[in-house]
Structures are given as structure tokens and as C-alpha cells.
Amino acid sequence: MDELETFQRASGDLSVLFRGKQEMRVEFVANGNPYWDQPAFVNGDIIFEDNLYRNILLNISAWKQQALVKNPSSPQVVALSPALTSSLTMGNRSFVGIGPGEALPEGFYEVFGAGPVQVYKHVEKVVSDSVNDVNGSPIGYEDPYYRYDVYRYFGIHTTYYFRDAEGRFSRFKSKNALLRKFPDRRKEIRKAVKAAGVNSGNSFDDYCKAVLNAAAQ
């Protein structure tokens, strides 16, 4: 019996969740990591193939756009596609899986806002090489032609989409672009965001959440 089969049998009632393929592990040295943000797995809930599983160790691969589930009694990690993973929560953060042919590019999205108007955040990580220092040290090899030290790293590409009350999506890139989604309430929302103490020193994510909170009032 191979390692994966042993792992699946040990999963008991969770065997459906853990029957998928193993995570593609990073077999090379690179600065950064392939996960949505941190390598640590977090307890949460996941809806996979329309079934809800609670208190599961979860993470997301932003490199492969897969939900990752881990059995605490085994080192194995199983990767689930966004097409079969409706949603997952990790702590107080909510994510949805978007399959091929849907309104947004296939992958996972963090969802801000609980009402009909929401923001979807997509994080994608791509392996890149550079001869310039990219958040770390050279990874131990040289370009065979130029003999330069090479830095391999996970480049991060983040995109944001606005979901209106009718379920239509549109991409935006700035705080002002988000405010323009509320043409009749723009000044009111800007004032409410400022009153909430959110300013240029806050992250873009925090600003999006503050705008949605103000819009929901």
C-alpha cells in the first residue's frame, strides 16, 4: 500500500475530501513561498463537491490555484481544484473557488463584504528569475552564459474585482476607481471612510473593506 493510499484510508469519514491528488511541492529553492500569504495551515471550513467539512487544516496555493487540505495525523497534503471547491473560510477570512467558464478567471478569490456588493481579491504567484536582488539572497546558481548570480523568487500578481448588486464583475485598480462604483454616494462614503480612521496609511485591502462597510450603511 503506497503512502497516499494509507493516508486516504486513515482519513475515515473525510475520505472523499482527501481522495484527490497530492500537492505539487516546490522542489527548487526560491525566495518567498507559493501560498496565498503564509505557509502555515489554518483551521477552517470548506465546501467541496457541495459537501461541508468543518475544522479542517487549510491553505491556498496561489502558485497552482488550488485549495490545500491537510490531515493532522499525516504529512500528506491534498490539492483541490477551484471548480470543485465552492468556498472555504480560514479564521475570519472567506474565499470562493471560480471554475473555468465563469465570470472571473479560474482560481481562488478572497471575498470582502457580506452584502450584495462585494470585492473579490485574486492573488497569483509566478516563479521568476532575476539578476537583481529580489527580497533575499542569491539561490546558489549562476546563469551559465553570463555567469551572473540569479535570484529565483515568487512574483506576486494581485487583482481586484468589484461585484455589484446584480452580480456583475468589473476590475478596478485604485481607491478612487472603487469609489466611482458608487456615483451617487461617493462623497458620503469617502467621508465615512475617513471618519472610520482609514487613510493612506492603511492597506488597500483595509480601504476596500471600509468602503464596503460604509456603503452597507
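Residues: numbered from 1 along the sequence shown.
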Novice: Of Thr89, Val42, Ile46, which is the lone residue that meets side-chain contact (heavy atoms from CB on, under 4.5 Å) with Leu58?
Specialist: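 Going through the options one by one, the only one that passes is Ile46.
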Novice: Is it possible for you to say whether Val96 and Leu84 belong to one hydrophobic cluster, with membership spreading through side-chain heavy-atom contacts below 4.5 Å?
Specialist: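 Hydrophobic grouping puts Val96 apart from Leu84.
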Novice: Give a yes or no answer on whether the side chain of Asp45 reaches the backbone of Asn55 with a donor-acceptor pair at less than 3.5 Å.
Specialist: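 At least one qualifying donor-acceptor pair exists.
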Novice: Give the intermediate values and the outcome of side-chain contact (heavy atoms from CB on, under 4.5 Å) for residues Gln76 and Asn71.
Specialist: CA-CA 7 Å; Gln76 297 294 327; Asn71 189 323; over 6 Å; no
Novice: Nearest 0.5 Å please: distance from the OH atom of Tyr161 over to the CG atom of Leu104.
Specialist: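 Here the interatomic distance stands at 6.0 Å.
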Novice: Taking atom CG of Leu179 and atom OG of Ser174, what is their separation to the nearest 0.5 Å?
Specialist: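 With rounding to 0.5 Å, CG (Leu179) is 8.5 Å from OG (Ser174).
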Novice: Given side-chain contact (heavy atoms from CB on, under 4.5 Å), test Ile60 with Met90 step by step and report yes or no.
Specialist: CA-CA 10 Å; Ile60 295 175; Met90 296 190 294; 4.1 Å; yes
Novice: Is there a continuous path of hydrophobic side-chain contacts, each under 4.5 Å between heavy atoms, that joins Trp36 to Tyr109?
Specialist: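 The answer is no; the residues belong to distinct hydrophobic clusters.
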Novice: Out of Asp50, Asn51, Ile98, which one pairs with Ser86 under the side-chain contact (heavy atoms from CB on, under 4.5 Å) rule?
Specialist: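 Running side-chain contact (heavy atoms from CB on, under 4.5 Å) over Asp50, Asn51, Ile98 with Ser86 returns exactly one hit, Asp50.
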Novice: Assigning hydrophobic clusters by single linkage (Ile, Leu, Val, Met, Phe, Trp, Tyr; side-chain heavy-atom cutoff under 4.5 Å), is Val117 placed with Val119?
Specialist: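 Hydrophobic grouping puts Val117 with Val119.
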Novice: Nearest 0.5 Å, please: how far is NZ in Lys125 from CH2 in Trp63?
Specialist: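 Output value for this atom pair is 12.0 Å.
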Novice: If every non-hydrogen atom of Pro82 is compared with every non-hydrogen atom of Glu106, which pair is closest and at what distance?
Specialist: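 That would be CG-CG, 3.9 Å.
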Novice: Looking at OH of Tyr160 and CZ of Phe204, how far apart are the two atoms once the value is rounded to the nearest 0.5 Å?
Specialist: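 CZ of Phe204 is found 6.0 Å from OH of Tyr160.
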Novice: In sequence, state the C-alpha distance, the side-chain angles, and the governing distance for Tyr207 and Asn202, and then conclude on side-chain contact (heavy atoms from CB on, under 4.5 Å).
Specialist: CA-CA 7 Å; Tyr207 188 84; Asn202 291 90; 5.7 Å; no
Novice: Rounded to the nearest 0.5 Å, what separation is found between the OH atom of Tyr120 and the SG atom of Cys208?
Specialist: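 Reported value, rounded in 0.5 Å steps: 14.0 Å.
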Novice: Distance-only, no hydrogens or angles: does the Gln65 side chain make a donor-acceptor pair with backbone N or O of Phe108 under 3.5 Å?
Specialist: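 Such a contact is found between Gln65 side chain and Phe108 backbone.
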Novice: Taking the side chain from Asn59 and the backbone from Ala40, do they hold a donor-acceptor pair closer than 3.5 Å?
Specialist: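 Looks like yes, one N/O pair under 3.5 Å.
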Novice: Please name the pair of heavy atoms, one in Lys173 and one in Ala177, separated by the smallest distance, quoted to 0.1 Å.
Specialist: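 Closest pair (atom of Lys173, atom of Ala177, distance): N-CB, 4.3 Å.
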Novice: Does the pair Phe95 and Thr85 meet the rule for a side-chain contact (heavy atoms from CB on, under 4.5 Å), with working shown?
Specialist: CA-CA 10 Å; Phe95 299 82; Thr85 308; over 6 Å; no
Novice: Consider only side-chain heavy atoms of I, L, V, M, F, W and Y, link residues closer than 4.5 Å, and tell whether Phe162 and Phe169 are in one cluster.
Specialist: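 Looking at the clustering, Phe169 is in a separate group from Phe162.
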Novice: Do any N or O atoms from the side chain of Gln118 and from the backbone of Gly113 form a donor-acceptor pair under 3.5 angstrom?
Specialist: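 Confirmed, Gln118 side chain pairs with Gly113 backbone.
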Novice: To the nearest 0.5 Å, tell me how far Arg171 CZ sits from Thr159 OG1.
Specialist: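 Here the interatomic distance stands at 5.5 Å.
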Novice: By the rule that ILVMFWY residues connect when side-chain heavy atoms come within less than 4.5 angstrom, directly or transitively, which residues belong alongside Val126?
Specialist: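 Besides Val126, the hydrophobic cluster comprises nothing; the residue is isolated.
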Novice: Are any side-chain N or O atoms of Glu188 and backbone N or O atoms of Arg185, one a donor and one an acceptor, separated by less than 3.5 Å?
Specialist: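 Judged by distance alone, no pair lies under 3.5 Å.
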Novice: Are Asn176 and Arg190 packed together at the side-chain level, in the sense that at least one heavy-atom pair is separated by less than 4.5 angstrom?
Specialist: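 Yes, at least one pair of side-chain atoms sits under 4.5 Å.
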Novice: Run the numbers on Arg93 and Asp37 for salt bridge (Lys or Arg N to Asp or Glu O under 4.0 Å), then give the verdict.
Specialist: CA-CA 12 Å; Arg93 303 169 70 184; Asp37 43 32; 2.6 Å; yes
